[in-house]
Protein chains: 2
Amino acid sequence: MITLKQLAEQLNVSISTVSKALHNSEEISPDTIVRVKALAKHLNYKPNKVAISLKNSKTNTIGVIIPDILNHFFAKALLAIEKEASKQGYNIITCLSNEKKTKEINSLNLLSNGSVDGFIMSIAEETQVANNVDHINAILLQNIPVVLFDRVSDNIACDKVIIDDFGAAYEATKHLLSEGRKHIVLIGDIQDLSVGKLRVNGYAEALKETSNYINEPVVVSINKDNLIDETIQDVFKKHPSVDGIISIDNTSGVVALQKAQKLNYNIPKDLSIIGFSDENVLQFTDPKLTTISQHTLDIGKASVKLLLDRLNNKKQIASKTKTIKTKLVLRGTTK
Amino acid sequence: MITLKQLAEQLNVSISTVSKALHNSEEISPDTIVRVKALAKHLNYKPNKVAISLKNSKTNTIGVIIPDILNHFFAKALLAIEKEASKQGYNIITCLSNEKKTKEINSLNLLSNGSVDGFIMSIAEETQVANNVDHINAILLQNIPVVLFDRVSDNIACDKVIIDDFGAAYEATKHLLSEGRKHIVLIGDIQDLSVGKLRVNGYAEALKETSNYINEPVVVSINKDNLIDETIQDVFKKHPSVDGIISIDNTSGVVALQKAQKLNYNIPKDLSIIGFSDENVLQFTDPKLTTISQHTLDIGKASVKLLLDRLNNKKQIASKTKTIKTKLVLRGTTK
DNA sequence: CTGAAAGCGCTAACAG
DNA sequence: CTGTTAGCGCTTTCAG
């Protein structure tokens, strides 16, 4: 890489003159500025990012920790984060915790040495199950800002971006009730997560409020991917009168639809299905799945904004929590 | 952040003594080492990464440029790259080109200022269509190593990781022929890409070699996601006697299967389908899709290895191309 | 208008 | 065994 020093030598001026010239300093003669810039351009000079970071104690880099990049929700969130960060002149260093607490701790430790100005993350499943977030609080104690999105924790005082999980599930359930559904089952593989619990509660509350709904809430947990087929087939065996299904994760709604079609349920006449999925699954089914849209891009964008707000304004104290609106998008799997 | 200077002041020793002590230098008395380390631990000292990068002219960071993170193949490749890089003590800065050439150029320019030691990337669609890779060659001219994976270009002399696209499609086609299929259609949305062209060629070659195969090759291009439904339905309309489908992208195989089932094709009796998809789509269909497995994790891992090899051994000249074996995994959609 | 010097945090050659 | 110094590349104050 070409440096200021090399430019200075070739031009027989000092390093500081070169530096100032490249910044259009008033102190430098127009003539010199032209000469310096010409050579800089000719040699494709680029200011060394590392040196600037050291000088400014600021890297313009955000650490992003994603629990599961193969989950479409997180991939899309990353897309939005990268886009907004890039727009604001920030790079992102991506770490994938793969739902492991140790990897999460490791990533935080490895990057909290001046590598990044702050973190945007969603908490790993293992961490949420263990309910131990000391490692994240440790980062905050070092005065490195953190923004949590989607999977958050009440035990961490920082900026957060969430959706109204309770309300979204509540609304979806209410919709099925309004269709006259009498036997609504909730399925999902994220009941251990903060968001999963809230969604289950929203579902339960909607049923509870409905005086003429006589069945008990049914919550079916999918534990491992390889058992998803059987688990969902069991739903239809155990609850042959099921007439509404709410999936609170990304994929089980689609699988439920496939299985129901295989069993010759008439959808949506006999059975309605609502997924908590992203648009990507639409192409995989016919009829198309009614979903709760999470506005994932907005979640990512808002996360970056909150973080940069804090970076640019260290004195602000109160943590903000931004709630992104969800939307129930009716398609072919509901009446 | 706590610095060597602060430790030195508190201990009344020089900065270099502290630095050496922390590195277990023989020059330093055991007693001092203990004292220094104790304080460092107590204050949670971490060497400033930026300073070390500046000192060493090495960031231990890899720039990764991904064309489309919502594509499962690339998400998985990123997963593998991050995992291997992390294992080797490297961070990754992720940029998403979103298939745009300008974004690709931008990312390369912004990171080729000492931010990263090298790049791992797959070429954006727009770049491949325009067939202009000057910006990538410019990086190589700056002596920054680049590893290309999946989507490569003959006009770039660098290390590459690919699969045998021609061979994989050839093998899949041969398999369908061995089942006695007489009317095999290829579908996909990546015919503009290097990999897509090779796959089409492999398909065509297999047909051509088969003397008793009388139908012409049929290549159906899917242009936009929103037209995928109609495009595939058209296949069945135009070619009612189709008895074999090869999808060369991630999703169209699944869609073809759905549509065929809707049209009451008996699969795999009347019609076989082979997808170029990852395992993630398996849960979405019944029967499960026969696929060409790309060993995506190996692709990512190999890319990191090639890059680090080059970083650690600058003198090597010849570019290597590593070909990862594919595997035809027979499942329910073939006989 | 230009240059010298200090300093960001660290390492390492050299001096004591 | 410990300290001084220079330097990685840059910005910026201060001197000239």
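Values below: all heavy atoms of this structure, side chains included; hydrogens, waters and symmetry mates excluded. Letters A, B, ... mirror the listed sequences (proteins, then strands); counts begin at 1. The structure displayed is predicted, hence computed values, not measured ones.
Summarising the geometry, atom OG1 belonging to A:Thr94 is positioned 7.5 Å from atom CG belonging to B:Leu96; distances are rounded to the nearest 0.5 Å. Summarising the geometry, atom NZ belonging to A:Lys5 is positioned 6.0 Å from atom CD belonging to A:Glu9; distances are rounded to the nearest 0.5 Å.
At distances below 3.5 Å, not a single donor-acceptor pair connects side-chain atoms of A:Ser19 with backbone N or O atoms of A:Ile15. Proximity of a side-chain donor or acceptor of A:Gln128 to a complementary backbone N or O of A:Val152 within less than 3.5 Å is detected. In this structure, the side chain of B:Lys160 engages the main chain of B:Ser153 through a donor-acceptor pair within 3.5 Å. Using a distance-only test at 3.5 Å, with no hydrogens or angles considered, no donor-acceptor pair links the side chain of B:Asp150 to the main chain of B:Val195.
Checking B:Glu104, B:Lys101, B:Lys103 one by one against B:Thr127, the side-chain hydrogen bond (donor to acceptor under 3.5 Å, both in side chains) holds for a single residue, B:Glu104. The one candidate from A:Leu306, A:Ile66, A:Val147 that meets the side-chain contact (heavy atoms from CB on, under 4.5 Å) condition with A:Ile120 is A:Val147. Evaluated for a salt bridge (Lys or Arg N to Asp or Glu O under 4.0 Å) with A:Asp159, the options A:Lys320, A:Arg310, A:Lys305 yield exactly one hit, A:Arg310.
The stretch residues 14-27 of chain A touches DNA chain C through A:Ser14, A:Ser16, A:Thr17, A:Lys20, A:Glu27, each having a heavy atom under 4.0 angstrom from the strand. A heavy-atom distance below 4.0 Å to DNA chain C is reached by these residues of residues 30-58 of chain A, ordered by number: A:Pro30, A:Thr32, A:Leu54, A:Lys55.
Taking a heavy-atom distance under 4.0 Å as the criterion, the stretch of DNA chain C touched by chain A extends 5' to 3' from C:dC1 to C:dG9.
Taking atom CG of residue B:Leu4 and atom C1' of nucleotide D:dT4, one finds them 15 Å apart after rounding to whole Å. As rounded to whole Å, 16 Å separates atom P of D:dT11 from atom NZ of A:Lys5.
Note: A:Phe149 and A:Phe73 have tilted aromatic rings, judged against thresholds of 30 and 60 degrees for the angle between ring planes.
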